[in-house]
There are 2 protein chains.
Amino acid sequence: MTQAPRIAIDAMGGDVGPEVMVGGAAAARADFPDLRFVFFGDEAVIRNEIAKHKTLADNVELVHTDSVISGEDKPSQALRRSKDSSMGMAIAAVKAGEAEAVLSAGNTGALMAIAKVALRTMEGIERPAISALLPTLGKTDVVMLDLGANAECDAENLVQFAVMGAAYARTVLDIPRPRTALLNIGTEELKGTGILQDAAARLRAADALPLEFTGFIEGDRLSRGHVDVIVTDGFSGNIALKTIEGTARFVADLIRNAFTSSLRSKFGFLLSRPAANLLKRTLDPNNHNGGVFLGLNGLVVKSHGGADSNGVRNAIGVAAKMAKADIIRKISNDLENFPNKAIEDAAE
Amino acid sequence: MTQAPRIAIDAMGGDVGPEVMVGGAAAARADFPDLRFVFFGDEAVIRNEIAKHKTLADNVELVHTDSVISGEDKPSQALRRSKDSSMGMAIAAVKAGEAEAVLSAGNTGALMAIAKVALRTMEGIERPAISALLPTLGKTDVVMLDLGANAECDAENLVQFAVMGAAYARTVLDIPRPRTALLNIGTEELKGTGILQDAAARLRAADALPLEFTGFIEGDRLSRGHVDVIVTDGFSGNIALKTIEGTARFVADLIRNAFTSSLRSKFGFLLSRPAANLLKRTLDPNNHNGGVFLGLNGLVVKSHGGADSNGVRNAIGVAAKMAKADIIRKISNDLENFPNKAIEDAAE
């Protein structure tokens, strides 16, 4: 794999659009000086944004597109309008081998629908999943999936997510045999739905898989650092992810209110500002931006719609690292080497 | 309703047992001096604990029981062993009218199973739900249900939960027309499962219900104070509740690490201790202890298994306030006055 990956950027997606997408790319150059960018969207607007950043003076291309997939477009509408859109053309660049990864902050459902049609799912994978790294108290982040692509999943989907999530953890977190758990409402074998009990039985039986299945995990343990991969359906995963975000913001707001409620507190807060900054750094969702669509024949990274340029910078970092690590090929190898057999065994 | 409710306490349930259950009751006397207690469990052990607290010198009864429902007992086992157990006999006291509420920190599944058989579900309610008050940035807490009684729910269950949750909010939070939302992975009408879309359509159509249906709410908005009642199935509700707990603890741990990482931070932290204490008070799950089983012909309050005596004190407070407000009769009236018709309309 090239050491200078090309990232196709849908410059029009997200709540803000070109300003943060281009600004984030400019900032990402500080982390990856040789990274190449291809921006897709309104040429005049993007050119204007590029001009603001000296670091974007070279290795930048621009492809004008006439239309934008909006946040309101249903996946079916997005598919019909994909061809001329910034999102669709950025994905097409990956399919054509003109970019190693695509980044979009646009409509998640549309991005998944277009990416599925254009890039197709990997052999052995029925449905792609959205995964991301979440902060923990342990030494490394935890991989969690599915975060919202599939509201309803069967046991086979969950087993495939486990295989993909473990491959992600092996590649990006460098953990040879990731500890992998299923999210549930209790840890006893008989807790939760039949689908979860079925998935657990398959994973327990599949000891050839390159992961250590540790059973069920509850919502209060997600950030403890006791596991490396947390597998769930897209409904529960999305609820859990957003609840983490919302609770972190809630606590940050409480802190702000609490520490500014008296002069003494204010003074204390000033003195402890380095600590407060560390806290903010750990909790700011921009610092964990970049959801990866796993299970496609191509690298698709979703930036949070509300991310700022620092968030986009981090999502580009995720895309760059995964492209450099050639993760698609590695997951593909994993699926070929172990899980086809193991998954079949597990599925019996 | 009596101004001095009798609370039947399963003294044996929970991770600690009699020490915190009796200690919590003693502490609750400070909040409700006329409260009467009936403890169920091992007589010698409980008598020993009661002797430690002067506030328990009067208005306390003790019923010896030979067996205890353990955390490992399946609901079916618990039902068979209910008769002589501290949990079963405490519930039986409510059924017999000898207590206005029962409190247990034991096995949730067992408590629900025994309570359902002994107290039966209210007319018009198919399944009871576990509800609790969660802290928000708004003026009042938010009622959330189901928190784990029903891993899988249909649209009718969710509509009934909405009616019960709204009645709870009207009684305990004193909100005449509670803003009520369904937890989902997006706010657009077509997001989520068919069950959720069906429940939303029924609630939208049921404008005779004494609640304001505000549509879907996402996981990052639970603590914002924008709604008064959040309705979901027991799987997602349990995941969300525990994720809130886990994230709050995660943040508290980060704060501790961050603020003690340098001498300057330590000093700042000491100065801002009143603010930090305020934060701890808001986030400590003991301060929001007390899950209420709604939909039964009797008041059943579940204390967190890991609660300390302060947590038990708060759960007793929940039971006492609800008994004094005569919530069971109020919900029953609500069901009679509005929802039978409204639910039927909504269900069409």
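Keep in mind that this is a model prediction, so the values were computed, not measured. Worth knowing before you read on, the calculation uses all heavy atoms, side chains too, and leaves out hydrogens, waters and symmetry mates. Naming convention: chains lettered A, B, ... in sequence-line order (proteins, then strands); numbering from 1 in each chain.
If you take CZ on A:R221 and OG1 on B:T243, they are separated by 12.5 Å, rounding to the nearest 0.5 Å. Atoms OG and CG, from A:S236 and B:D233 in turn, are 7.5 Å apart once rounded to the nearest 0.5 Å. Rounded to the nearest 0.5 Å, atoms CD1 (A:I239) and CG (B:L222) are 7.5 Å apart. Between A:K242 atom NZ and B:N184 atom CG the span is 9.0 Å, to the nearest 0.5 Å.
In terms of non-hydrogen atom pairs under 4.5 Å with chain A, the most contact-rich of B:T136, B:T108, B:L241 is B:T136. No other option in B:A240, B:A151, B:G237, B:A248 has as many heavy-atom pairs under 4.5 Å with chain A as B:A240. Between chain B and the options A:G109, A:S223, A:G186, the largest number of non-hydrogen pairs under 4.5 Å is found for A:S223. Contacts with chain B were tallied for A:G219, A:P135, A:G192; A:G219 has the most, counting heavy-atom pairs under 4.5 Å. The residue among B:I244, B:T193, B:I185 with the most heavy atom pairs within less than 4.5 Å of chain A is B:I185.
Interface residue A:R249: backbone and side-chain heavy atoms are both found under 4.5 Å from chain B. Proximity to chain B is absent for every atom of A:L134, based on heavy atoms less than 4.5 angstrom apart. Only the side chain of A:K74 comes within contact range of chain B, judged by heavy atoms closer than 4.5 Å. For B:T232, no part sits under 4.5 Å from any heavy atom of chain A, backbone or side chain.
Heavy atoms from other residues, nucleotides or ligands lying under 6.0 Å from CD of A:E189 number 12 at most.
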Subject >> Stepwise side chain to side chain contact (heavy atoms under 4.5 Å, CB included) check, A:F250 with B:T247 >> reply: CA-CA 10 Å; A:F250 172 59; B:T247 307; over 6 Å; no
Subject >> From CA spacing to verdict: side chain to side chain contact (heavy atoms under 4.5 Å, CB included), B:E72, A:E188 >> reply: CA-CA 9 Å; B:E72 283 70 45; A:E188 303 86 352; 6.0 Å; no
